[in-house]
Amino acid sequence: MERPLDNNRAYARATPKDFFLWAGAMVTLYAGVVSFITLLFNYINYSFPDPLRYQGDPYSSGIPYAMASLIVLTPVFMVLMRIIRRNIASDPSRNEIWVRRWALFLTVFVAGATIVVDLIILLTTFLSGEELTLAFLLKVLVVLLVAGAGFLHFLADLRGYWTSNAAQARMVNWGVGVLVLVSIVAGFVIVGTPQDARLYRLDQQKVNDLQSIQWQLVNYWQQKQALPATLSELDDPLSGFVVPTDVQTGESYGYERTSASSFRLCADFNEASRANANDSAVPYRYPGEQQNWSHETGEVCFDRTIDPERYPPFTKPAF
């Protein structure tokens with residue numbers, strides 16, 4: 001026997017309003033999920049640093065964009081879904097429009113595929129004999145939990161659970177909002193506030209300035225077999241070099257000539273450096289080599305000694 005048509009399903013038509021509501025909801029959902037995962041990945045990278053990966057200012061990575069995206073997209077998604085559910089409550093035929101079913105099926109498919117790929121990556125890493133680091137396992141767990149929650153939520157929506165349980169749907173919306181808020185606040189606890197990041201960048205610029213001055217001092221010594229009495233002697237209008245000043249205060253950096261081939265450079269730092277090195281004074285090395293620039297809070301001085309065997313004086317041409 002042929003199954004009778006459900007009139008609501010037969011004549012349910014998607015209006016432009018329906019299309020753009022669902023399109024907006026799905027775009028904000030996907031973008032928000034990607035931003036949420038990106039944010040958590042950045043937190044994991046910062047909390048469990050990889051020695052092969054440069055650890056710089058966390059706010060110069062994807063954290064600000066992910067935070068801003070979540071702050072904007074999450075309320076937009078919640079508002080759009082609230083409007084959609086109100087429309088369905090007032091007109092049940094909106095529950096059977098094609099755009100809704102396509103959006104839900106697509107989201108369930110994407111979430112399910114993400115779970116499968118996530119597990120494949122985990123097993124491939126394990127079977128390849130590679131080290132399963134805590135950071136890697138946490139990232140796999142994040143993707144698994146987010147994709148799993150999305151899969152179950154929208155599968156329940158396909159079965160009409162949230163339509164018949166409006167109170168639970170509102171609780172889920174508020175739960176998502178609280179989760180996003182906690183993830184953003186956690187960022188300030190894990191990586192510090194944007195103001196902390198600014199102070200860190202200022203300190204990094206001061207170190208860069210000291211490195212530049214240091215190289216000019218060595219070049220000056222190689223040319224004249226003596227160190228300048230003051231940093232102003234390094235100014236060279238021909239090469240265009242001007243001795244940098246403290247980017248934060250505008251004052252000159254501290255300088256002292258301690259011997260014929262050694263000197264001291266000082267700067268006032270906002271915070272202790274994140275470097276692990278805590279060595280004492282070391283001889284000057286080539287600019288590309290690693291040096292000790294670790295520092296504490298406040299005024300810190302760096303003693304440098306020029307090795308004449310490694311940096312011999314320039315030979316003056318005979319006339």
Side-chain angles (χ1 to χ4, degrees), residues 26-74 77-78 104-157 171-194 196-197 200 272-277 290 294:
M26 292 301 101
V27 169
T28 54
L29 171 66
Y30 296 155
V33 168
V34 171
S35 298
F36 181 72
I37 293 176
T38 301
L39 187 62
L40 294 186
F41 275 20
N42 276 282
Y43 293 164
I44 293 172
N45 289 338
Y46 184 83
S47 301
F48 303 94
D50 185 346
L52 299 179
R53 182 177 56 243
Y54 172 72
Q55 288 292 109
D57 171 21
Y59 283 99
S60 63
S61 60
I63 289 181
Y65 183 80
M67 281 185 170
S69 298
L70 284 176
I71 291 172
V72 174
L73 294 175
T74 302
F77 172 73
M78 294 173 64
L104 295 183
F105 274 114
L106 176 62
T107 305
V108 169
F109 171 78
V110 171
T114 302
I115 294 173
V116 172
V117 171
D118 190 51
L119 293 176
I120 290 175
I121 292 175
L122 175 61
L123 290 175
T124 300
T125 304
F126 173 74
L127 296 175
S128 299
E130 297 182 22
E131 182 182 3
L132 295 176
T133 64
L134 181 58
F136 173 77
L137 293 176
L138 287 175
K139 290 179 181 179
V140 170
L141 182 61
V142 165
V143 174
L144 186 62
L145 291 177
V146 173
F151 180 85
L152 294 176
H153 176 84
F154 288 99
L155 185 63
D157 204 355
M171 289 179 61
V172 169
N173 283 346
W174 283 109
V176 170
V178 171
L179 178 62
V180 170
L181 180 62
V182 169
S183 68
I184 293 173
V185 173
F188 297 143
V189 176
I190 296 172
V191 302
T193 65
D196 294 332
Y200 171 78
S273 63
R274 298 173 185 173
N276 294 325
Q290 292 295 324
S294 61

Exercise. Does G187 offer a backbone N or O that forms a donor-acceptor pair with the side chain of Y46 under 3.5 Å?
Worked result: no

Exercise. Are any side-chain N or O atoms of N42 and backbone N or O atoms of T38, one a donor and one an acceptor, separated by less than 3.5 Å?
Worked result: yes

How long is the straight-line distance from [atom2] of [Y] back to [atom1] of [X], given to the nearest 0.5 Å?
X    : Y    : atom1 : atom2 : value
L73  : Y30  : CG    : OH    : 14.0 Å
T114 : I37  : OG1   : CD1   : 7.5 Å
T74  : L70  : OG1   : CG    : 5.0 Å
L179 : I184 : CG    : CD1   : 10.0 Å
H153 : L29  : NE2   : CG    : 8.5 Å
L122 : F136 : CG    : CZ    : 5.5 Å

Exercise. Going through the distances and angles, do V110 and F154 end up as a side-chain contact (heavy atoms from CB on, under 4.5 Å)?
Worked result: CA-CA 11 Å; V110 171; F154 288 99; over 6 Å; no

Problem set entry | Heavy-atom side-chain contact between D157 and T107 under 4.5 Å |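 No; the side chains remain at least 4.5 Å from each other.
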
For this session: Flag the pair F188 / M67 as yes when at least one side-chain heavy-atom distance between them is below 4.5 Å, and no otherwise.
Result: yes

Exercise. Does the pair F41 and L138 meet the rule for a side-chain contact (heavy atoms from CB on, under 4.5 Å), with working shown?
Worked result: CA-CA 9 Å; F41 275 20; L138 287 175; over 6 Å; no

Minimum heavy-atom separation for [X] and [Y], please, with both atom names.
X    : Y    : result
F48  : A135 : CB-CB, 4.0 Å
A66  : L39  : CB-CB, 3.9 Å
M78  : N173 : CE-O, 3.2 Å
G150 : A111 : C-CB, 4.3 Å

Problem set entry | Check against side-chain contact (heavy atoms from CB on, under 4.5 Å), V146 and F36 | CA-CA 9 Å; V146 173; F36 181 72; 3.8 Å; yes

Problem set entry | Verdict with supporting geometry, F77 and V176, side-chain contact (heavy atoms from CB on, under 4.5 Å) | CA-CA 10 Å; F77 172 73; V176 170; 5.7 Å; no

Exercise. Out of I121, L127, I120, which residue meets the side-chain contact (heavy atoms from CB on, under 4.5 Å) rule with T124?
Worked result: I120

